[in-house]
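These notes are about the structure you will find just below.
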Protein chains: 2
Amino acid sequence: MTTIKTSPARPTIADVAEKAGVSIATVSRVLNATAMVDEETALRVRLAVEALDYRPHAAARTLASRKTDTLGLLLPEISGAFFQPLLRGVETAASEAGYDLLVHTTRNPNTRGMPRRPLAEHNTDGLLVFTDSLDARELSRLSNTGFPAVLLYQTPPSGIDLPVVTIENKNGARRIVDHLIEVHGCRRILFLRGPQGHEDSGWREQGYCESLQAHNIPLDSSLITGGGFNRHEARQALAQLLDKGLAFDAVFAGADDAAVGVLLALRQAGRRVPDEIALVGFDDQEFASTMLPLLTTVRAPTEQVGLEAVRVLVRLIRKQPVQPRWVLPTELIIRESCGCHSH
Amino acid sequence: MTTIKTSPARPTIADVAEKAGVSIATVSRVLNATAMVDEETALRVRLAVEALDYRPHAAARTLASRKTDTLGLLLPEISGAFFQPLLRGVETAASEAGYDLLVHTTRNPNTRGMPRRPLAEHNTDGLLVFTDSLDARELSRLSNTGFPAVLLYQTPPSGIDLPVVTIENKNGARRIVDHLIEVHGCRRILFLRGPQGHEDSGWREQGYCESLQAHNIPLDSSLITGGGFNRHEARQALAQLLDKGLAFDAVFAGADDAAVGVLLALRQAGRRVPDEIALVGFDDQEFASTMLPLLTTVRAPTEQVGLEAVRVLVRLIRKQPVQPRWVLPTELIIRESCGCHSH
DNA sequence: ATGGGTCATGTAAGCGCTTACATGAGTGTA
DNA sequence: TACACTCATGTAAGCGCTTACATGACCCAT
C-alpha cells in the first residue's frame, strides 16, 4: 500500500514576497512582466520562487484576471481514427498559442443522471465545438453571450452567428465519382452515406448526385444506403445488400473507415477489389496509404481543420475580426482500389 | 466579418441570491446540496438560476473549495493510433467519476522558448503521467508533495513512490516468440525493439531472449535492431537490413505499427508474408484485425490501462489506499501473418 | 413557562491571485 | 531651490465562490 501523506501547504505568492522582502504586487509583476521592476529586486524574487519551488495557483489567477489560458474542445467521442489528426492539429496550435486543452466528450453517459457539468465555459477562454456535440439551444446561448466559440464541420442553424471551419465536401465527392465514371467506366456506383442528418454526409451525397447527372446516369435510389461512417456498420450494411443480390460495379464509401468495412464484406463474399468492384473512400486516413489494395480516396485536411479552428478561436478571444466561414480544400488521391495502378 | 459583441456581464451567485430573495450561502447550498434547505426556498433559487441562466464560475469554485474536478493527462503526443484506446479509457472513466480532462502534450515545441506552464498541477486534482513525459526531478517533486499522480507504462525511479499501471510485456513477448518457434519452426527471428530506453521495449526484449533460450536457440545480436515503434522508422530499418542481406525467417515487431512498416518494406522487397517470412506484432491495434494478412500479435489492454489508471488516481485523490503496481495481462492473438490460417 | 434541541438561513472570512491607485525617491529643467 | 516628471514599489480592493459560525424560529419534554 502506498503511504498516504499529508501534503505540506503549498507556498503562495505571499511566501515568495516575504522571502524576497517585497510586496506581493512586485512578485506578481516580475512573474507576469506586467510592469517595470528593478533588475536586482527581480532577481531576489526569482531566487525566492526557485527556493520555494513556487507555482502560481491557476484558479486564483483565473479569478483575478478573468482568463484561463485554456481552450475547450467538445467532441462526441475522443477515440476513433478520424479524431487523431484533428486532435493533433488542435493540440499543436493551442500549445503554440500558449493554451491548454480541456477535452469534453458529449456522447458519454452522463454522470449518473446528473446533467453534465455546465459546459466548459467559465473554465475556458473559448470553445471548439465539433459537429453535433451541442444542441441548437446551447449554440444560440454561446452566440448570444458572445462567448468565443467556433464550430467544426457544422454550419450553425440560421440566426446563430458563430464561425465555422469545415472542408470542401461536395467537390471532393464530385471529383472522385467523376473519376470512377470517366476513367473506370463505372455505371452502377453504390454510395454509402454516413449518419443520417450529418452535414458532411449530405454534401458528399450531393456531389455524388451531381456527378451522375453530369454523366447522364439516372439516379437509382437503391444504390444509396445509410450505414454510418464506421467499418462495422458499413460491413454489415454491405453484407446485407450483397445477400439481396444488389448489382453494382463500384462502391463510394462516405468515409475511409467505412471503406474498410466494405472491403471486408466484399472479401468475405469472394468479390475482388478492384478487379470486380472498384472501391473508393473519403478522408484519406493514415491507413488508406498502407492497406491492401491502397485506397483511392479524397484527402480531407483534417489536421488543418484543427489548426485553423484554433487560430480562428484565438482571434475571436483577442477580439480581432474573423471570417465567418472557412472551407478547406480537399484533394483527389488516386491509388489502387479504384482500379488504377499506383506508380 | 463576424460582429464583435461585448458580452453582457455574466450573472454571479449574488444575482441569483438577490433574485431569489435569499443569501448567497443559501444559493450555494442548494447548488451543491451541502446542507438542508427548505424545499420552497430551494425552488425559488432554482427558478432564479434558470431565469438568469446562471452557471457557477469554475475558478471561483476551485479557489474556494480547493478542488478542480479535473484530471490532468500528460502525454508525449496526443495523436498516434496507440493513444486512441488509451484516451478512450481515460475519458470514459474520468467522465464516469465526474472529472474533466486536461490534456498536456510534452513533446510539443515549447511556447517560444518559454518553459511550458508549470505542469498541470494546481489546475487539476490529479495527474496521469505517460511514460517519459516527465523527468525524474518532476516525478520526485510530485511524489514528495504528495500530489496525486499515477504513472502509465513506467516504473518510477527508485525512491519515488507513485503507483504504476502497466501491462504484462515480458510474458506476452515470450508467448508469441514461443509460437513462432514451436508452431512455425522459426529459428532466425528478427526482433525490432522499440525506442531505446523504453521500458516496455526492454521487457519485450527479455521475453524474446527467454523464449530463444528455452528453445536452445543461441542469441544472435545481429537479429536485434532498434527503430522505434512507428511504421516509418521500422520500414526504413528493415529496408536497410534487407539491403545488407541479413537472413531471417520471421520478424517480431515490438509494436503493431512497426509491423506495418515491416510489411511494407518486405512487400517492396518482394518477400511474401507469411509464406516466406512470418511476421508478428505487439499491441493488437484496431488495424491489426483488418489488415492483409491479418496480423498475429499480442493484445495489450490499452483501454483498460486508461480505465484502471483513472480509477487508481481517483482513489488517490480521495485518500483511499491503493496498490502500488498494476500489471494488466496480455493475450496472444493468432491470426494469419505468422503463417496460421485464421478460421 | 422554560431550557435544550433541531432546522433553516444569514454573516462574513477567506481562497491566492491581479491591478488601480497611492507613495516616495530620484532626475532634469527653469 | 522648486516643480514636474519618470520609476520602482507598496496598499488594498476585489474576482465569485465555499463554509465555519452566529442567529432565530420552532418544537418537545420537562
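Every chain is numbered from 1 and lettered A, B, ... according to where its sequence line falls, protein lines coming before strand lines. Fair warning: this is a prediction, and the values are worked out from it, not measured in the lab. Worth knowing before you read on, the calculation uses all heavy atoms, side chains too, and leaves out hydrogens, waters and symmetry mates.
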Can you tell me which nucleotide in [options] comes closest to the side chain of [X]?
| X | options | value |
| --- | --- | --- |
| A:M36 | D:dC17, D:dT19, D:dA8 | D:dA8 |
| A:L63 | D:dT18, D:dC15, D:dT9 | D:dC15 |
| B:R29 | D:dT9, D:dA20, D:dG16 | D:dA20 |
| B:T41 | C:dC17, D:dT19, C:dT9 | C:dT9 |
| B:D38 | D:dG16, D:dT9, C:dT9 | C:dT9 |

Residue list, side chain to side chain donor-acceptor pair (under 3.5 Å) with [X], at least two apart or on another chain:
| X | answer |
| --- | --- |
| A:E308 | none |
| A:S28 | A:N32 |
| B:E303 | B:R88 |
| A:S140 | none |

Distance test, side-chain N/O of B:S28 to OP1/OP2 of D:dC17, below 4.0 Å: no
Residues passing the side-chain contact (heavy atoms from CB on, under 4.5 Å) test with B:A60, sequence neighbours excluded, are A:L63, B:H57
Contacts of type side-chain contact (heavy atoms from CB on, under 4.5 Å), residue B:D125, not counting sequence neighbours: B:K67, B:T68, B:D69, B:Y99, B:I317
Round to a whole Å and report the spacing from [atom1] of [X] to [atom2] of [N].
| X | N | atom1 | atom2 | result |
| --- | --- | --- | --- | --- |
| A:E39 | D:dA8 | CD | C1' | 13 Å |
| A:E18 | D:dT11 | CD | P | 13 Å |
| B:E40 | C:dA8 | CD | C1' | 12 Å |
| B:D69 | D:dC17 | CG | P | 15 Å |
| B:R10 | D:dC17 | CZ | C1' | 16 Å |
| A:H57 | C:dG14 | NE2 | C1' | 13 Å |

How far does the helix from C:dA1-D:dT30 to C:dA30-D:dT1 bend, going by the axes of its first and last five pairs, to the nearest 10°? 50°
With sequence neighbours excluded, give me every ring-ring contact (aromatic ring centres under 6.0 Å, His included) pair touching residues 34-55 of chain B. none
Show me, pair by pair, the donor-acceptor contacts under 3.5 angstrom made by side chains of residues 38-47 of chain B, not counting sequence neighbours?
unit_1: B:D38; atom_1: OD2; unit_2: B:E40; atom_2: N; d: 2.9
unit_1: B:R44; atom_1: NE; unit_2: B:A20; atom_2: O; d: 3.0
unit_1: B:R44; atom_1: NH2; unit_2: B:A20; atom_2: O; d: 3.2

Any residue of residues 42-53 of chain A with a heavy atom less than 4.0 Å from an atom of DNA chain C: none
Residues in contact with DNA chain C, drawn from residues 19-27 of chain A - heavy-atom cutoff 4.0 Å: A:I24, A:A25
Quiz question: going by heavy-atom distance under 3.5 Å, is there a donor-acceptor pair between the base of D:dG16 and the side chain of A:R66? no
Going by atom type alone, with no hydrogens or angles, which donor-acceptor pairs under 3.5 Å involve a side-chain atom of residues 151-160 of chain A and a protein atom two or more places apart or on another chain?
unit_1: A:T155; atom_1: OG1; unit_2: A:E199; atom_2: OE2; d: 2.6
unit_1: A:T155; atom_1: OG1; unit_2: A:R325; atom_2: NH1; d: 3.1

Under the side-chain contact (heavy atoms from CB on, under 4.5 Å) rule, what do B:R311 and B:L307 come out as? Steps first, then yes or no, please. CA-CA 6 Å; B:R311 290 205 184 115; B:L307 237 42; 4.0 Å; yes
Verify, without hydrogens or angle tests, whether B:T302 (side chain) and B:P85 (backbone) share a donor-acceptor contact under 3.5 angstrom. no
Contacts of A:I13 and B:V37 projected onto DNA chain C by closest heavy atom; the upstream (5') one is B:V37
Taking the side chain as every heavy atom from C-beta outward, state whether A:R10 and B:F147 have any atom pair closer than 4.5 Å. yes
